[in-house]
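Working notes for the structure below.
All residue numbers refer to positions in the sequence shown, counting from 1.
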Amino acid sequence: MLSNLFAARCCEHAVCRAPTMRGSGIPDFNFRQQWRIIVTALTDTIYQNTRGNSEAYPEGVPTYYSWYGGKVGGESSAPAGFSAVTGWGQIYPEAGASTAANASADVQIAHFETWVHLTTGGWVKVQDQATDSIDGAQYLADFSGNSNIPWTETTLPDGSVSVNAPGTGYNDHFWPGGERGTYTPGTVDGVYVQAYMKTDNPNANLVANIGADWWRDASAPFILQDGVFVNNPGVGMNNWVNLTTEWQPLYFTSLSPTRLQADPPPPLVTSAPIPTQPNTPTSPVTPPNIAPTVLQASALPGTGIEHVGDTITLTLRFSETVNVTGTPTLSLNDGAKAAYVGGSGTNTLTFKTTVATTHTDTSALAITGVNIPTGSSIKDAGGLAANLSGAVKTFTGLQVDVDPISPTSPTSPTNPTSPTSPSSVAPVLTVADPTLTVAGRGGTVGLGVKVSTTDPNDSVTVNIRGLASYETITDGLGHTFSGRNITLTKEQVDSGLTLHNYYRGSRDPVDTITLTATAKDPVTGAVTTSSTKWMTLSDAPSATTTTATTPTTATTPTTTTPQTPSIMAPATATTSPVTSTPTASAPQSITVTAAPPATTTATAPATSTATASQANQSFALLNQYMAASPGRVDSGQIVSAISNGTTRGQETFLTRPPAS
């Protein structure tokens, strides 16, 4: 049974548990793989904890969340007076990739451990999957409303656990289920968390990362106050890692590379047993030189439709640092080649291609091979040529559409009495309501856009321009789009488009987007377009003003505090000065009942039906002036501008508060 995430659990341990060792610490790894871990574990840890090294991104997480891009957090000692810590992890569908196979995929989690670094030097292990097991559930991707559904968890004979992969709109969020790790306050200045993960479905597209939170003590309850996690501030998290059918090590640490290299945690030193040669047991063993392999291939952009002149960047991440000579290229299924542009001396190589009229249309761009011309090479420091088989990959959702640069001019005048029939029929684009209102801070509204054509052979797309940076569009197939210029297929439009508004300011912005449908005949290449449609997207009003019936009597201002924007909503919310509690997760508007301009010559101060605080009177006066209706005020009344700036809620590292 899943634990109650808000229930406080008592920990029987008052001090840190002593560190322990066990076996190889790596599931299902052969001798050659073990050697690779010894050589690269420390390097990989630094790589995974250097900003900008995420292999992909999580589907459904707002891009303005600080942790959308991966690594957050830096050097971090335990807060004063705190005595507990917990590691955690999360698994998401990969943004921009097909989610079809995820529904039938499982993910295995093994050797989840949390270590703390002592201020006096050295490490102590405080959480271990071998004794603590794993707890978790499937949460909404952005953790809104704390909504979650149970997952299916199975403990396997090797001690790992198998859980069902998250579906569209959800993530797997997990943590050690036994108890929080404890330590003596003031003795800890760093954290290290590790886990091994893999999926059982080669077609699944999943990303994962791990991190940690400080806790006030072993049984402190979860408290979110004004967007601040009072009892469990985040330590940080590592970059996103693509999951494959092979075990992937994930590492998080709050130590800098210099400190980590000077005092690495035991798992990075003893990741695998060091074999000895039977005939010379005292002689050091030289590890075998293993050819570098391609671990991951990615494309930027990852989805969308690319036209003539658009540049596509392709990257290959290797298992170790590689050196490049000459100019290798990647063969693509649109008939093009992507040329090598940089990355020699690192474990990531970059290639680029620009769509040209000579290329072929494709619904899913793919790398079909790597070309190493004479005089070129991709090798490791030991001189071994890289194994490039892992570079072959299809990027579902990344299309190449080679539009003609200009309409073909006829070689002779067309006979006006016998016009030829068009080879492409203009599509029809309809908008149910050209003026929509949507609340900020996570509000949604259906766009009501439809596109149709009378020629079933035409390839039909819809181009949307002018989308604001704080808005995204999600189709009914599980894809999310953002940017000032996006193009969707007819199938994506027909699945139903929903606009998400993440505006967090105090204004009520109005945005206008333009929509145009395009049809292309697959045989002749002829292109026709629909008439352009405009849609006005208004933010929900943040304040309203009404007029009182008596010109000299002001009623008590009534306000409700805006609900704090955060990754996860607080369990309760309070308001002041009224006693009502907001029940909606969307930001609440401020409603002010103000008096109209005075029409009498009385010099006495206005009387009110109830005595309002100075702050409330100030807010009322401020709203009156904003509404161009100053009315009458008490003599000597002051106005103070109080800033409700962005809270730390959406910048926090924690995605969900583990109870243990």
Take Ile109 and Phe174 through the test side chain to side chain contact (heavy atoms under 4.5 Å, CB included) and record every step on the way to the result.
CA-CA 10 Å; Ile109 306 167; Phe174 58 92; 3.8 Å; yes
Please check this pair: side chain of [X] against backbone of [Y], looking for a donor-acceptor N/O pair closer than 3.5 Å.
X	Y	result
Asn102	Asn205	yes
Thr489	Gln492	yes
Gln48	Pro249	yes
Trp151	Asp172	no
Thr346	Thr348	yes
Asp380	Thr321	no
Thr353	Ala338	no
Ser254	Gly74	no
Gln127	Thr114	no
Thr303	Gly96	no

Residue from Tyr68, Tyr64, Tyr65 passing ring pair (Phe, Tyr, Trp, His ring centres under 6.0 Å) with Tyr502:
Tyr64
Are [X] and [Y] side-chain neighbours, meaning at least one heavy-atom pair lies under 4.5 Å?
X	Y	value
Thr168	Leu477	no
Gln108	Asp200	no
Pro292	Asn387	no
His173	Gln90	yes
Leu447	Met535	yes
Tyr170	Ile149	yes
Leu314	Lys393	no
Ile312	Val355	yes

Judged by modelled atom types alone, do [X] and [Y] share a side-chain donor-acceptor pair under 3.5 Å?
X	Y	result
Thr474	His500	yes
Thr498	Thr444	no
Glu113	Trp115	yes
Thr154	Ser162	no
Thr329	Asn371	yes
Ser256	Glu75	yes
Thr253	Asn49	no
Glu94	Tyr92	no
Trp88	Asp213	yes
Thr199	Asn201	no

[atom2] on [Y] to [atom1] on [X], rounded to 0.5 Å:
X	Y	atom1	atom2	value
Trp247	Tyr196	CH2	OH	10.0 Å
Ile464	Thr487	CD1	OG1	8.5 Å
Leu488	Leu497	CG	CG	6.0 Å
Leu250	Asn238	CG	CG	5.5 Å
Glu471	Ile473	CD	CD1	8.0 Å
Leu537	Tyr503	CG	OH	14.5 Å

Shortest non-hydrogen contact between [X] and [Y], atoms and distance:
X	Y	answer
Phe252	Val72	CE1-O, 4.5 Å
Asn164	Asp106	CA-OD1, 3.3 Å
Leu206	Ala165	CD1-CB, 3.9 Å
Ala56	Val207	CB-CG1, 3.5 Å
Phe112	Ala195	CD1-CB, 3.7 Å
Ala297	Ala391	CB-O, 3.9 Å

Once the angle between the rings of Trp175 and Tyr139 is folded into 0 to 90°, is it parallel (under 30°), tilted (30 to 60°) or perpendicular (over 60°)?
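Geometry flag for Tyr139 against Trp175: tilted rings.
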Thr354 and Asp310: side-chain hydrogen bond (donor to acceptor under 3.5 Å, both in side chains), yes or no, with the steps?
CA-CA 6 Å; Thr354 300; Asp310 292 336; over 6 Å; no
Candidate pair Val163 and Thr152, rule side chain to side chain contact (heavy atoms under 4.5 Å, CB included), full reasoning:
CA-CA 5 Å; Val163 300; Thr152 301; over 6 Å; no
side-chain hydrogen bond (donor to acceptor under 3.5 Å, both in side chains), that's the test. Do Glu59 and Thr480 meet it? Break it down for me.
CA-CA 8 Å; Glu59 180 74 48; Thr480 299; 3.1 Å; yes
When you look at Leu260 and Ile46, which way does the side chain to side chain contact (heavy atoms under 4.5 Å, CB included) test go after all the steps?
CA-CA 8 Å; Leu260 189 69; Ile46 294 172; 4.1 Å; yes
Worked check of side-chain hydrogen bond (donor to acceptor under 3.5 Å, both in side chains) between Asn463 and Arg465:
CA-CA 7 Å; Asn463 179 254; Arg465 293 178 180 267; 3.0 Å; yes
Would you sort out whether Ser160 and His111 count as a side chain to side chain contact (heavy atoms under 4.5 Å, CB included), showing the intermediate values?
CA-CA 7 Å; Ser160 66; His111 301 316; over 6 Å; no
May I ask you to say whether Asp401 pairs ionically with Lys520, meaning some side-chain N is under 4.0 Å from a carboxylate O?
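Yes, Asp401 and Lys520 are salt-bridged.
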